[in-house]
Structures are given as C-alpha cells and as structure tokens.
Colleague: 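Before I ask anything, let me first share the structure, which is written out below as structure tokens.
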Amino acid sequence: MSILITGGTGYIGSHCAVELLKNNFEVVLLDNLSNSTEAVCKHLYKICGKKPNFYRGNINNEEVLDYIFKCFDIKAVIHCAGLKAVGESVLKPIEYHENNVEGTKSLLSVMQKHDVYKLIFSSSASVYGNPEYHPIDEMHPLNPLNPYASSKVKIEEILKKLSIENSKWKILSLRYFNPIGAHDSYLLGDDPTGQPNNLFPFIMKVAMGEREELEIFGNDYNTPDGTGIRDYIHIMDLVDGHISSMLYLEKMEASLNYENINLGAGRGYSVLEVLDSFETVNNLKIPYRFTERREGDVDNSYANISKAKVKLDWMPKRTIEDMCTSAWSFQKKKILV
Ligand SMILES: NC(=O)c1ccc[n+]([C@@H]2O[C@H](COP(=O)([O-])OP(=O)(O)OC[C@H]3O[C@@H](n4cnc5c(N)ncnc54)[C@H](O)[C@@H]3O)[C@@H](O)[C@H]2O)c1
C-alpha cells in the first residue's frame, strides 16, 4: 500500500516519509522543489535503506497527479505541499491562492477520480489569527490575518464541504503550531532553500556565523519577559501525530468524516526562553538585539491539544531542550556532509 506525500521533500513531508518507510509503507513523494532539494531522497535512503519514489512536479498539474495515481496503489495522501511564508504571501496573494488553494483542488479532483478518499492536510495555527483565549482549542473562531492563513482557511472549507457532500471522504486537517528540530540521524531537518521566516532558521544563521545577531521583533508584548510566546513542537512528535492520524483515518465514521485537530506541545515559550535553552544545551552564545514588532505578530499563542490526545491517542514527548539540541546537531552535520 502506498502513501502519497505532496511537498514530500520539504521539512514536514520528508520527516513523515522517514517514519512511513520505516513502517514498511511504500512512499511516493511529489514536490516541485520550490523550497527543498532532491538530496532529501538520498538522505531518506541512507536512513531507511529504502528509496522513496520521487516525482518532481506541481500539484496544480493534474496530468502528473493522474500518472502517479495510475502507477501506484495510493491508499491515502498526506498533503504538505504549499507556500508558507507569511510575509511573501502579503506581497503575492494571488500566487499563494493559486498554489495552495487551486493546487489542493487539483489534488482532490484527481484523488476522487481514482477513488482515493483518505487525506491528511497540513493546516496551520495561523487560521486562528489573534487568539481570543488560551489555550487555543479547535472551536476558537477563525480569523486569518494574511493571504497564507486565508489559503489554509479556504482549503479547510473546501475539505469540509467535500466531506459533507460525499461520505466516502475521510479527512483530517492538522493545525500545526511551530514544528522545530530534526530527525535523530541529523540527516534531515528544516532546510529551506528560500528566505527563512521562523525563529529557528534565524537562530541557526547566527549560530553558524552567517548573521551577526538575532533580531527579536518586539520586547513590549504582554508576556512576562516582553517577547512573544509560541507553542513549539518537535518535528518527530509532529510526525508521530501523522502516524496516529493515519490509524485514526481507518476508523473514522461516515457521520464524522472531517475533523480539525491541533498539533502542538500544549505550552508556550517566549523567544528569550527559547534562546536561553538553545544557548544552554548547545553551549553557545547567540547575540541579539530587539527591533520593532512585526506587523501581525501576536503576544501569545499556544494550543489546547486535548482533542489530539483523545482522538489520536497521541502525546508529544520531546522537550524544548530536545528541540534545541536536535536543531543545532542537524546544522552542524549539514556543514560537515
Ligand atoms: N513548518 C511550519 O512551521 C508550518 C506550520 C504550520 C503549517 N505548515 C504547513 O505544513 C506544510 C509543510 O510545511 P513545511 O514546513 O514542510 O514547508 P516546506 O516548504 O519545507 O515544504 C513544503 C514543500 O512543498 C513544496 N511545494 C510548494 N508548492 C508546491 C506545489 N505547488 N507543488 C508541489 N510541491 C510544492 C515545496 O517545494 C516544499 O518542498 C505547508 O503546507 C505549510 O503551510 C508548516
């Protein structure tokens, strides 16, 4: 039985691939390499001794999708492909809509044509916008603040509607908080080819000497130390959440065939707390300076993960220290390889 992972050479897709390959699934990766490289396949082979089937292509291209579904006995799709830079989405809203929303529609139409109805969609905590309460549960109102987040909300709406129209669909939208860290082999990690836009890739650049200091956007937030608080989750905990989701799809009832589920650690850390952890576990100093707040950034955002615990029988296990050690170990290994 094969699982198709769109965006399969990207950060989250590649880490899902490793666990699926280890669990003897046949894995097919589709990626247009807009934010990753094919070298990931080589690393997957090194880690698992098995090659994923890789196709370079676009999810908007129904011919490529059709070809893949004809060649493989695809049972389910993990749909990670998407553009994800919030700032870029403000500059290129149409591109984000075309790529993320229209691309998803193409995927869904080809899945339907081939009678494949199980889907795990990479959604995002950004759908909640400025939190009205904490911890944020799945009932929290949606308030996307940029075209990236809007694309996720639109896709969720499409998926929900589809599931109502046809009870064969079994769909989970996993709303990720902030995945960080790397696979234990340190051959895979967060390795974007484009401009990084999250805290960790920036910390890495300073740790590697590529930037002089870390810019911390704002120290006047309504938090104990004034810096923004986010929910960070180890990438391998996030992947475990996908494996549990695959099992959950098998037992989803026709009457409840679409669900949104938060995947986070269930607690928040401020930027200064993360930095302190990173410096301590890795014995490094990261110079930083405070700059203006970034537009759209919120004080505090962390997840209520009760639904994932109950429905998926899943619990994140790794600590912030594990995340910091793992992220830096990947970077160091990357320099050597
Ligand atoms: N990493 C995060 O912090 C985070 C948080 C919340 C949600 N997400 C979502 O999870 C998904 C995966 O994120 P990631 O961190 O692995 O990002 P990533 O950029 O590392 O991976 C996405 C992959 O999709 C590919 N891609 C983009 N558009 C494509 C298209 N049209 N056709 C084929 N391939 C395409 C890119 O080349 C990339 O390899 C994204 O949809 C993202 O929005 C990520």
Side-chain angles (χ1 to χ4, degrees), residues 4-18 28-41 52 54-65 68 77-86 88-89 92 95-107 110 119-128 144 146-156 159 172-183 188-202 230-235 238-239 241-242 260-265 301 303 323 327:
L4 169 65
I5 308 181
T6 70
T9 46
Y11 178 40
I12 296 168
S14 61
H15 286 76
C16 287
V18 97
V28 185
L29 308 181
L30 171 67
D31 202 298
N32 65 3
L33 303 184
S34 58
N35 198 30
S36 56
T37 66
E38 202 177 333
V40 162
C41 298
F54 172 69
Y55 291 87
R56 181 177 188 168
N58 204 305
I59 51 164
N60 300 66
N61 184 339
E62 293 196 17
E63 274 172 36
V64 174
L65 286 167
I68 292 174
V77 178
I78 300 180
H79 177 30
C80 298
L83 297 173
K84 64 166 185 178
V86 169
E88 185 186 58
S89 79
K92 301 177 178 170
E95 198 178 311
Y96 269 66
H97 178 87
E98 277 296 316
N99 193 79
N100 294 2
V101 181
E102 298 304 322
T104 301
K105 284 190 191 165
S106 304
L107 172 68
V110 179
L119 176 73
I120 295 174
F121 168 59
S122 296
S123 189
S124 159
S126 65
V127 297
Y128 298 119
N146 50 65
Y148 165 70
S150 296
S151 76
K152 295 294 182 192
V153 170
K154 280 187 195 126
I155 295 168
E156 286 192 0
L159 297 177
L172 288 175
S173 286
L174 300 180
R175 292 176 175 164
Y176 310 148
F177 279 67
N178 298 279
I180 55 174
H183 183 258
L188 295 176
D190 192 3
D191 197 13
T193 56
Q195 172 73 10
N197 74 112
N198 295 335
L199 175 61
F200 258 73
F202 281 121
R230 296 290 176 275
D231 183 327
Y232 297 95
I233 173 169
H234 194 295
I235 182 72
L238 192 88
V239 167
H242 287 70
N260 301 307
I261 299 188
N262 286 341
L263 286 186
S301 164
M323 302 179 214

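Values in this document were obtained by computation on a predicted structure and should not be read as measured data. Start at 1 and go down the list; that is how both ligands and their atoms are numbered. Side-chain atoms are counted along with the backbone in the values below, which use heavy atoms only and exclude waters and symmetry mates.
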Colleague: Can a donor-acceptor pair be found between the side chains of Y96 and E88 at a distance below 3.5 Å?
Modeller: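 Indeed, the side chains of Y96 and E88 share at least one donor-acceptor pair under 3.5 Å.
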Colleague: When you measure from the side chain of N60 to the backbone of E98, do you find a donor-acceptor pair of N or O atoms at a distance under 3.5 Å?
Modeller: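 Yes: the side chain of N60 pairs with the backbone of E98.
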Colleague: Test your reading of the model: is there a side-chain donor-acceptor pair from S36 to the backbone of L33, 3.5 Å cut-off?
Modeller: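 No, because the side chain of S36 does not come within donor-acceptor range (under 3.5 Å) of the backbone of L33.
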Colleague: Under 3.5 Å, N/O to N/O: give me all the pairs between ligand 1 and the protein, one per line with atom names and distance.
Modeller:
| unit_1 | atom_1 | unit_2 | atom_2 | d |
| --- | --- | --- | --- | --- |
| ligand 1 | 15 (O) | K84 | NZ | 2.7 |
| ligand 1 | 16 (O) | Y11 | N | 3.2 |
| ligand 1 | 16 (O) | I12 | N | 2.7 |
| ligand 1 | 17 (O) | K84 | NZ | 3.3 |
| ligand 1 | 19 (O) | N35 | ND2 | 2.8 |
| ligand 1 | 20 (O) | Y11 | N | 2.9 |
| ligand 1 | 26 (N) | N32 | OD1 | 3.4 |
| ligand 1 | 28 (N) | N99 | ND2 | 3.1 |
| ligand 1 | 31 (N) | N58 | OD1 | 2.9 |
| ligand 1 | 31 (N) | N99 | OD1 | 2.8 |
| ligand 1 | 32 (N) | I59 | N | 3.0 |
| ligand 1 | 34 (N) | N32 | N | 3.1 |
| ligand 1 | 34 (N) | N32 | OD1 | 3.3 |
| ligand 1 | 37 (O) | D31 | OD1 | 2.6 |
| ligand 1 | 37 (O) | N32 | OD1 | 3.3 |
| ligand 1 | 37 (O) | S34 | N | 3.0 |
| ligand 1 | 37 (O) | S34 | OG | 3.2 |
| ligand 1 | 37 (O) | N35 | N | 2.9 |
| ligand 1 | 39 (O) | G10 | N | 3.4 |
| ligand 1 | 39 (O) | D31 | OD1 | 3.2 |
| ligand 1 | 39 (O) | D31 | OD2 | 2.7 |
| ligand 1 | 39 (O) | S36 | OG | 2.7 |
| ligand 1 | 41 (O) | C80 | O | 3.0 |
| ligand 1 | 41 (O) | K152 | NZ | 2.8 |
| ligand 1 | 43 (O) | Y148 | OH | 2.6 |
| ligand 1 | 43 (O) | K152 | NZ | 3.0 |

Colleague: Do the side-chain N and O atoms of S173 and S123 include a donor-acceptor pair separated by under 3.5 angstrom?
Modeller: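 On atom types as modelled, these side chains do not qualify, holding no pair under 3.5 Å.
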Colleague: Main chain of F177, side chain of N262: is a donor-acceptor contact present, judged purely on distance under 3.5 Å?
Modeller: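 Side chain of N262 to backbone of F177, a donor-acceptor pair under 3.5 Å: no, none is there.
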Colleague: Using modelled atom types and a 3.5 Å cut-off, is there a donor and acceptor pairing between side-chain atoms of S106 and backbone atoms of E102?
Modeller: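 Yes, the answer is positive, given that a donor and an acceptor are paired below the 3.5 Å cut-off.
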